[in-house]
Structures are given as C-alpha cells and as structure tokens.
Amino acid sequence: MASKKTPESRQSQVAGTDTPDRANTNAKLQSLEAFRSDATGQALRTNQGVKIADNQNSLKAGARGPSLLEDFIMREKITHFDHERIPERIVHARGTGAHGYFQSYGCHAELTKAGFLQDPEKITPVFVRFSTVQGPRGSGDTVRDVRGFAVKFYTDEGNFDLVGNNMPVFFIQDAIKFPDFVHAVKPEPHNEMPTGGSAHDTFWDFVSLVPETAHMVIWAMSDRAIPRSLRMMEGFGVHTFRLINAQGVASFVKFHWKPRQGVHSVLWDEAQKLAGKDTDYHRRDLWEAIETGHYPQWELGVQIVPEADEHMFDFDLLDPTKLIPEELVPVTPLGKMVLDRNPDNFFAEVEQVAFCPGHIVPGIDFTNDPLLQGRLFSYTDTQISRLGGPNFHEIPINRPLAPNHSGQRDAMHRMTLDKGRASYEPNSIDGGWPKETPPAPQAGGFESYQERIDAHKIRQRSDSFGDHFSQARLFFQSMSAHEQQHIIKAYSFELGKVEREAIRARVVNEILANIDLTLAAAVSANLGLPAPKAATVKVKGSKLKQSKALSQLGKQGEIGISGRKIGVLVADGVEVASVDKVVKALQAQRARPMLLGPTSAPVKTADGKALPVDASIEGMPSVMFDGVWVPAGKASLQALEGSGVAKHFLLETYKHLKPMGLSLDGKLLLNKLGLQEDAGLLLGDEQKTFEAFFKALAEHRVWAREAVAESVPA
Ligand code: HDD
C-alpha cells in the first residue's frame, strides 16, 4: 500500500531510494538555507519585526465604529497581499520544478573544457522546471501541448541553463516570428478560449500559412504532446550548440535528455478526462515520485558533429526545425541527472526561477541559429518585467554558486551590500578588484568561439532552410501503426474545432498533402473534405527513410515498473491473503499499489477484519493509474460487479489499454463486463501471472487491444 506521508515526514525521507549513492542534499540547497524561514515556535510579527497581539480585528473607533487609517498592522498586511502576484510567464506559465544533481560519467575534456563535464566525482546541483507552453498558470497539466524542459546547472564556473523542450525541433526558424506564433497559439483574443490547447482557428490559420511549422506541428499532434509523466519525457536542447575544448577545438552538438523511466504517453481520451479529474496530474506525479524516493533520472547525451562536417547533411544544422536522426549521429552519453528534492516554497523557487539560453559557461557556445540568437535577447528582457528589474539574479533560486562580483550596482531590489568604492574597471582605488581573468584553461575566463564572419547585412532566410516537409514525412513514416493513427486522430480532432473551412482545407492541401498523402486522405475523410491528389510542392525527402529513434515504441527505460501506480480494487469480503500477495509482489518491483474501496472507510475482509484503504474508487478514478488488480474474494467481487463506479473503472482501464489482472475468481466479473483475456488482461495470482502483468506494465499499454477497445463505452 502506498504510505501516506505527512508533510513533516518528508524531510527525513531517504529509505528505498532509486539512488542510494547520494544523500538528499547538495550545495545549492545549502546556499538556500540562509533564505529559508521557519516559523515554528516563533511569534507572529509585522514585516518590521513588531509582535502582533491581535490578528483578528482591525483597529476601530469603537467596537461598531469605522476602521482607522492609523492601523499600520492591517495596512501593511493588505498592501502586501494586494501585490502578491507577479506577471505569469508569457509562455510556459504552467509548470512545476524540482532540485537534483548532475554527475558526469567521466572526463569529456576532448569535447569541452566545461568544468562540470571533467570529473565523475563532481556533483553539480541542478534545478529543473517542466512546463506546458500555451496555458495560463492554473491550466491543466495534460493538455495537448509541447512541454518545456529547462535545467539550471549551478556549476563552479557559473550557471549554465539548458532551456529545452520535450520535442527536438521548433515551430519557426527565425525569432522575429516568435511573437506572431505565440499570438496565434494563445487563446483567441475575443473570448480567451480555449485554455491550454491549440485546437482553434488562429493557431491553424498561422501554421497553415507558414509551412516551416509543419515538422513541429506533426510532433505536437503525436503522442509526445500528451506525456504520461514529466518523468517519462525525453528532453532536447533543440538548437545546434558548440562545445569547445581547452585547445580551442569546437564541435557542433545537439543536447538530449533520455529518461530512465522510459518514454510513455497517455491516450487522448485519458488526457482530456485527467484535465478535469486531476488538473495537477503531472505536478502531483513528479512530487509524489520524489517524496516516495522514486527519484527520476535522465541521461544527458550529445550528438557530436565535427566542425568539418557542418555541411554533410541534407538539411542545415542551423535550422531549428530540423533534427539530426540518431541513426546518422548516435547520442554519446555524458552523464546523469537525478531529481531528488521537492521545493520548499513553490513561489520562491518554481515561480521565480529565471532561465536564459544565454547563460553558458566556458567550453559551451552558441551557433548562428537565428532562433537561438533571438532567444539570447528575449529571456533576460522578460525577467526585467516579470521579476521587477535587473537584479533577478540575486533571487535565491537564481543565484549562482560561483562568486559573481560583476561591478554592477544598484537597481530595483538590490540585496548585495557591495563593499568598496570602485564600481568600475579598471580601478586603482580598490586594488584593481574585481579583475578580468584570461581565458587560458586554468584561469577560466569566458572566451567566445572565434567564428569568422564575412557577410552582407541582409534580411533573408538561407536557401538551406527551404525544405519544410522531408523531416515531417520522415517522422510520420517512422511511427508505428498505432502512433500514426493517433496522429491522424489528433489532426482530425483539432481541425474539427476550427470554425473556418478554408483553414481546414489549407492544412490538408498545403501542409498534410506535402507530408504524406495517406495522412492527408485520412484526415480529410474525417473532416468531410475531398482528399488531395498530390503534393503542392516538390519534397525531396530524407535520404533516411525511417528513424526508429523517433517512435516511442520500445522505449521502456531501464527501471522496469518502479514508480508505476496500480489500483487494487477491494470491497467487503476480500481475501486478505490475495491482497497481500499482489501488494508484496508489486512492492518488490518498487511499483506503488493503492487499495481502492467503495468508500474511503476500511473494508471488512473475508475473515472479518478491518482493512484500511488508500482512497475510494470514485475519488481516484482509473485515469490516475497505470494498471489495475482485482484480488480474490467472492463477496468482494460481487460487490464490485454491482457497483457502477467499479465497473466503469474496469471498463475504462481496459479502454485505455492498461494492464489488468484479476484473481481466478474474477473470471465471472470479466464475463459480465464482456471483456476477453489478452496479453495484458490476465487471470490468476501465481508468480507467472504476476510476471506477465509486470511485463505488460513495463510496456505501458496493450497496443494489440486498441481495435477491440474502440467499441467499449467508457
Ligand atoms: Fe522560450 C520561456 C523553451 C523559443 C521566449 N522557453 C521558455 C521556457 C522554455 C522555453 C522551456 C520556460 C522556462 C521556465 O521554465 O521558466 N523557447 C523554448 C525553446 C525554444 C523557445 C526550446 C526554441 C527552440 N522562446 C523561444 C523564442 C523566444 C522565446 C524564439 C523569443 C524570441 N521563452 C521565451 C520567453 C520565456 C520563454 C518569453 C517566457 C518566460 C521566460 O522566458 O522566462 O522569454
């Protein structure tokens, strides 16, 4: 059974972790210590430190008289309250975050001089924020959207922010188009709908007119846009960056995060239901995984392209709408990241963390990708209004662990008490400090890569950015059959919400027909439009015809079913031995079984004892679980059979293709529900059945069931 953790017990949680090699603490957390405030045993005071005697009544002229302006206690409290909100992020407003650490697998000196990639003993603290893009702060976690995957490395040489997404490409090629794209994807301006998604006219109008979006849009219509968990997403730095070694030799790289938890998604029906039944589904999942010691882990890797090979691909490395297929350049693992601590205060840490792709350290550098170049300006600029001025780097979560004597002074909310008289360089008054550091490897001053540029100033898109469909086609053709069906359904669903027929037709004829005619035909049939006969542009196609790495099929991760949540349905008359057996078997795999009863009250076992449950079946619907088990007990099974909520739970689990197991007694219940056994619907509670159940859980969904499950109502 899932242990119920109290907020107080979480500080001491270390048992049964996935990462026994490290205590749950790091240098960044220690640096935050000075800012943590614990009110335990403390008097209630004003912000000026005055003890408060009465926090219930404002100061009045008589018990029934008017409140007085001189009530500084009430004025201070209300003034502060009136300003408690800061502007939400213009994009990626909805998110959640966690602390952890990064550890290099070895010394990568041949590739980069970056200090955090030299020594396998070195622990670099990180803070990660995951997010959706379109919706506001309070929007649902499971909407169809791209997920942000932003990592701040607090390295000894300064902060390095890898501000990526869970998809390896982007919608547009040039940052000057970002405001247009965001205006189009955000809710419609007249009625501010829909919240959190792209199924509306302005989005499809824009993307149908801007074909460079085709590749990213097909990713957004794929299962990648509805992840099962933030822990089960790949992450990508998107742009091509440079890594530079101590000898000044640079390589082009693409950054990748590979989750050890596997790469999995929910079904669209689940995603929609979850958005209502548990708006916080993803943040809760991450929070609980960390609280219960199922620390999520990712491997950081890079695809490396030597400078000399810049032009060897059939696309441009500087074009952010293109990926390098892993079959052409495999991902070289560099190290691992573990998230092992939840924040203490959401606002101070998750809301105030400020990422910027321009935060890099010696050994890392940019390329001329025009999207990246614009981002280098945008992020610092946005923090100035979001976080109230240029001192946002002083907010505890943003402070580097490395010293930061910049000579910069003053401005809103300055916290540092800079000593000395000289806030300029060079100076002779303060002994010349702080001084420049030469870029030599030992000294460590930042030096930009000396790229030679000899060009005209022009507003022009490179011809090498001109192919918008070859990789979108590669993506579609690399999907498994069920993934292709999901993509067809996603386009059909989204375009079905588009009011203007001309926009729907433009997407089908000008975009989908150029990606793949079968895709275009299937979507147009669902929309009642004529199927396009031919592509409207000449698509050269990728040399590579399929890239298995693009499909999620088979990406099971290395940790099996550790951390997966299984609902165990019980009612009065359940056999306790049968419950114990499955719970122990699941716990031995580090899965998280939860007992669900008709109500939250304990159920009575077959031998008359009280068995506490974790929640009611109604309170924790099937969409919150990865699978279900029904233990033995004739009376219990009969009670479940008579319960609409329980039957709905089981049918929905089946419909969502999740593994299900029932003790042999459950055969009758199965028949009554009209469900047939399959590779993931199992009967019996011997070891062999458990193993088949675990295997199905590790595979996540029983795809072979999908056609049969279509007819199941739920
Ligand atoms: Fe961005 C936030 C990722 C293009 C401008 N972006 C933001 C976040 C992520 C990304 C993960 C949230 C960070 C957090 O959790 O606080 N953005 C991307 C990726 C892009 C991209 C992977 C393309 C490869 N972004 C992009 C462009 C621009 C911006 C081209 C502007 C020219 N992004 C912003 C922003 C945000 C932001 C407006 C909003 C809040 C913030 O920066 O701090 O500046």
Side-chain angles (χ1 to χ4, degrees), residues 86-99 126-137 141 145-152 159 161-186 210 212-213 215-217 219-220 224-225 230 233-241 254-257 282-283 286 317-323 343 346-359 366-388 390 392-393 395 397-398:
I86 60 172
E88 65 174 33
R89 291 167 175 84
I90 167 74
V91 281
H92 296 265
R94 170 77 184 174
T96 193
H99 292 274
V126 299
F127 187 77
V128 178
R129 184 172 178 274
F130 300 108
S131 47
T132 56
V133 177
Q134 196 259 23
R137 248 189 92 178
D141 277 349
D145 199 354
V146 181
R147 299 297 184 286
F149 193 131
V151 183
K152 191 180 281 295
N159 287 352
D161 291 356
L162 186 51
V163 197
N165 280 338
N166 74 330
M167 299 180 193
V169 289
F170 201 66
F171 292 97
I172 45 166
Q173 295 173 323
D174 190 314
I176 198 168
K177 296 308 294 169
F178 192 67
D180 298 284
F181 165 71
V182 174
H183 293 169
V185 73
K186 281 276 178 182
V210 182
E212 71 201 52
T213 59
H215 188 195
M216 179 65 162
V217 172
W219 275 82
R224 302 274 180 158
L230 302 169
M233 306 191 308
E234 289 180 306
F236 303 90
V238 181
H239 313 282
T240 302
F241 287 84
K254 293 266 195 196
F255 288 104
H256 291 248
W257 292 108
H282 280 151
R283 51 166 73 166
L286 181 68
L317 280 183
L318 300 186
D319 173 357
T321 66
K322 304 297 181 297
L323 52 85
F346 189 93
F347 180 85
E349 294 163 79
V350 184
E351 198 52 19
Q352 294 201 114
V353 66
F355 293 94
C356 176
H359 294 165
F366 315 118
T367 58
N368 298 330
D369 173 340
L371 193 72
L372 174 58
Q373 294 283 321
R375 292 181 76 194
L376 300 179
F377 164 73
S378 179
Y379 289 68
T380 314
D381 183 50
T382 205
Q383 312 309 345
I384 291 170
S385 57
R386 271 202 76 232
L387 298 173
F392 60 87
H393 62 278
I395 297 173
I397 193 69
N398 296 325

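Every number for a ligand or one of its atoms is a count from 1 in the order of the listing.
When hydrogens are left out, the protein atom nearest atom 15 (O) of ligand 1 is Arg129 NH1, 2.7 Å; that is the closest non-hydrogen contact. Of the protein's heavy atoms, Ile90 CG2, 3.3 Å lies nearest to atom 38 (C) of ligand 1. Scanning the protein heavy atoms around atom 7 (C) of ligand 1, the nearest turns out to be His92 CD2, 3.2 Å. Closest to atom 16 (O) of ligand 1 among all protein heavy atoms lies Arg89 NE, 2.7 Å. Protein heavy atom at the shortest distance from atom 29 (C) of ligand 1 is Phe178 CE2, 3.2 Å. Ranking protein heavy atoms by distance to atom 18 (C) of ligand 1, first place goes to Arg375 NH2, 3.0 Å. From the protein, the heavy atom lying nearest to atom 43 (O) of ligand 1 is Gln383 NE2, 2.8 Å.
No part of Leu372 comes within 4.0 Å of ligand 1, judged by heavy-atom distances. Here Val91 has heavy atoms under 4.0 Å from ligand 1 in both its backbone and its side chain.
Outside the 6.0 Å centre-distance limit, the rings of Phe255 and Phe236 are not counted as a close aromatic pair.
Annotation: Ser378 places an N or O atom under 3.5 Å from an N or O atom of ligand 1; distance criterion only. Looking at Thr382 next to ligand 1, no N or O pair under 3.5 Å apart turns up. Residue Asn165 has no nitrogen or oxygen atom sitting less than 3.5 Å from a nitrogen or oxygen atom of ligand 1, judged on distance alone. The shortest N or O to N or O distance between Arg386 and ligand 1 is not under 3.5 Å.
Counting the atoms of ligand 1 from 1 in the order shown, those under 4.0 Å from a heavy atom of Phe355 are 13 (C), 14 (C), 15 (O), 16 (O). Those atoms of ligand 1 with a heavy atom of Gly164 less than 4.0 angstrom away are 11 (C), 22 (C). Those atoms of ligand 1 with a heavy atom of Leu371 less than 4.0 angstrom away are 23 (C), 24 (C), 30 (C).
No side-chain donor-acceptor contact under 3.5 Å links Arg147 to the backbone of Thr132. Using modelled atom types, no side-chain atom of Asn166 and backbone atom of Met233 make a donor-acceptor pair closer than 3.5 Å. The backbone N or O of Met167 sits nowhere less than 3.5 Å from a side-chain atom of Arg224 that would complete a donor-acceptor pair. Thr380 places no side-chain N or O within donor-acceptor distance of the main-chain N or O of Phe377, the cut-off being under 3.5 Å.
Taking both residues in full, the closest heavy atoms of Ala354 and Phe392 are given as CB-CD1, 3.8 Å, listed atom of the first, atom of the second, then distance.
With a 6.0 Å cutoff to the six-membered ring centre and a 45° limit on the axis angle, Lys254 does not count as a cation-pi contact of Phe241.
Applying the salt bridge (Lys or Arg N to Asp or Glu O under 4.0 Å) test to pairs two or more places apart or on separate chains, those with a residue in residues 171-181 are Lys177-Asp180.
His393 and Gln383 are not linked by any side-chain donor-acceptor pair at a separation below 3.5 angstrom, with hydrogens and angles left out of the test.
A salt bridge is absent between Arg94 and Glu88: the closest approach of a Lys/Arg side-chain nitrogen to an acidic carboxylate oxygen does not fall below 4.0 angstrom.
If you take NE2 on His92 and CD on Gln134, they are separated by 11.5 Å, rounding to the nearest 0.5 Å.
Distance check for Tyr379 against atom 1 (Fe) of ligand 1: an N/O/S atom falls below 2.8 Å.
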